Amino acid sequence: MTAVDGRSTPCASVVICAYTEDRWADLERAVASLSAQTAPAHEIIVVIDHNRELHRRAAAGLPGVNVMVNNGHQGLSGARNTGIAAATGDVIAFLDDDAEAEPAWLAHLLAPYSDPTIAGVGGLAEPRWPSNRPSWFPPEFDWVVGCSYTGLPTASAPVRNPIGAGMSFRRTVFDQVGGFTDGLGRLGARPLGCEETEFAIRLRAYDPTAVLLYQPLARVGHRVTRERTTWRYFRTRCYAEGLSKAAVARNVGDNAALASEKDYIRRVLPRALYRDLGAPRHWTRVGATVTGLGITTAGYVHGRYFPWRNSGNATRVADSHRSA
């Protein structure tokens, strides 16, 4: 195996970001899943996002874990950047606080780094529904609940950006291009996103030879709350995705921000419509597909041409790790 920072096998720091005590049981399960890895983590870092009570509880209740407070701007991007600054592994992996990694997750994420062109590896995030999948919920829209969706490769392949619930990057890429951009990503319960998209585009602009790999063997189970199975959440999340993509486009341009989305609209959604139109029991999914695309597009148009937040905040790249 090609050496990484002088070692024959890369070691991984795993960062989990948490913001609410409502997910305490989820956080405990996420940490426990890391303790059961066939390739043990070099270190586990839990970053608490501006919640003193949760920080006290985590510091006392998660032995063997480096628990710290987000010393950057509030939100997922700031919390991740705090974890990056503290990490000492060759690879920095990220696991959502409401996700559980399967035992071989980290081993499958680390294996491709033997290739020096691999800058990041992301895994498959499988939805863990509270009961059954809602009959109206198209699998092409599983990104709404932060999971891998129908249309992604079914085997290991390069992608534009990984799914945030279980992804990794070489630590050196953060030294090269900075951290995740403040103003993008989830802030508390507000369902924004695309910080991984913007980071990946920025990384490829810096190094066009860098490869971001999707490895579906690296699996995590991502819990879906009952509230996220509602039509209201579906609409809200689709609109927020459009807003988030617009913020990315303002930073990197429409072509870079929407390259994967154009393929998704041309290739993935027509197949979904053809499949579901042929099965009357799935006609509600046809309505969800058309509506989801329309609402996401409306959010993008609103965000692109009628900016919805302070542009300085949306374009500020947190680089606190540079001074660490």
Side-chain angles (χ1 to χ4, degrees), residues 1 4 9-10 12 14-16 26 29-30 33-34 36-41 80 90-129 132-133 137-170 173 193-197 199-201 203-204 210-224 228 237 241 259-269 271-272 275 289:
M1 179 176 285
V4 178
T9 302
V14 183
V15 176
I16 302 175
D26 292 325
R29 285 191 290 266
S33 74
L34 296 177
Q37 293 296 299
T38 57
R80 282 177 172 168
D90 307 313
V91 171
I92 303 177
F94 299 90
L95 181 69
D96 276 8
D97 64 338
D98 55 354
E100 292 181 72
E102 293 195 358
W105 172 68
L106 202 50
H108 285 302
L109 284 185
L110 291 176
Y113 286 106
S114 60
D115 181 346
T117 67
I118 300 296
V121 182
L124 183 149
E126 186 175 31
R128 299 280 174 83
W129 302 99
N132 296 323
R133 168 191 289 273
F137 204 117
E140 289 76 12
F141 279 78
D142 280 2
W143 54 263
V144 165
V145 291
C147 293
S148 301
Y149 54 90
T150 296
L152 285 175
T154 57
S156 180
V159 290
R160 182 189 63 187
N161 61 275
I163 301 292
M167 63 180 181
S168 66
F169 298 94
R170 291 188 192 271
V173 303
C194 293
E195 70 278 9
E196 301 95 355
T197 301
F199 177 80
I201 293 171
L203 171 59
R204 290 294 305 279
V211 175
L212 298 176
L213 195 70
Y214 177 60
Q215 173 49 277
L217 294 177
R219 302 169 69 93
V220 303
H222 198 185
R223 188 170 77 88
V224 181
R228 293 188 181 188
R237 181 66 186 89
E241 180 72 5
S260 293
E261 286 70 22
K262 290 176 182 178
D263 181 67
Y264 175 79
I265 293 170
R266 286 194 302 259
R267 180 180 60 87
V268 176
L269 294 188
R271 290 179 182 176
R275 177 198 65 214
T289 297

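Since the structure is predicted, the reported quantities are computational estimates derived from the model, not experimental observations.
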Ignoring hydrogens, what is the shortest heavy-atom contact between Arg228 and Asp98? Give both atom names and the distance. NH1-OD2, 4.4 Å
Which pair of heavy atoms, one from Pro162 and one from Glu196, lies closest together, and at what distance? O-CB, 4.0 Å
Once you round to the nearest 0.5 Å, how far does CZ of Arg160 lie from OG1 of Thr197? 4.5 Å
Of Glu102, Arg219, Gln215, which is the lone residue that meets side chain to side chain contact (heavy atoms under 4.5 Å, CB included) with His108? Gln215
Looking at OG of Ser168 and CG of Leu213, how far apart are the two atoms once the value is rounded to the nearest 0.5 Å? 9.5 Å
Taking all atoms of both residues into account, what is the closest heavy-atom pair of Val121 and Ile118, and its distance? CG2-CG2, 3.6 Å
Which heavy atom of Ser148 sits nearest to which heavy atom of Ile163, and what is that distance? OG-CG1, 3.9 Å
Smallest heavy-atom separation, Leu110 atom then Pro10 atom, equals CD1-O, 3.8 Å
Answer yes or no: is there a side-chain heavy-atom contact under 4.5 Å between Ser33 and Trp105? no
Residue pair Val220 / Asp96, side-chain heavy-atom distance below 4.5 Å: no
Distance-minimising heavy-atom pair for His222 and Val145: ND1-O, 3.6 Å
Qualifying salt bridge (Lys or Arg N to Asp or Glu O under 4.0 Å) pairs, either residue in residues 140-158, two or more places apart: Arg133-Asp142, Glu140-Arg275
Determine whether Leu95 and Ile16 make a side-chain contact, defined as any pair of heavy atoms from C-beta on separated by less than 4.5 Å. yes
Are the side chains of Glu241 and Trp143 in touch, meaning some heavy atoms are under 4.5 Å apart? yes
Quick one: does Asp115's side chain have a donor or acceptor within less than 3.5 Å of a partner on Thr117's backbone? yes
Could you check if a side-chain atom of Phe141 sits within less than 4.5 angstrom of a side-chain atom of Thr289, using non-hydrogen atoms only? yes
A side-chain contact here means heavy atoms from C-beta on lying under 4.5 Å apart; do Val91 and Leu109 qualify? no
What I'd like to find out is whether the side chain of Pro216 reaches to under 4.5 Å of the side chain of Tyr214, using heavy atoms alone. yes
Is Ile92 close to Phe169 at the side-chain level, that is, under 4.5 Å between some pair of heavy atoms? no
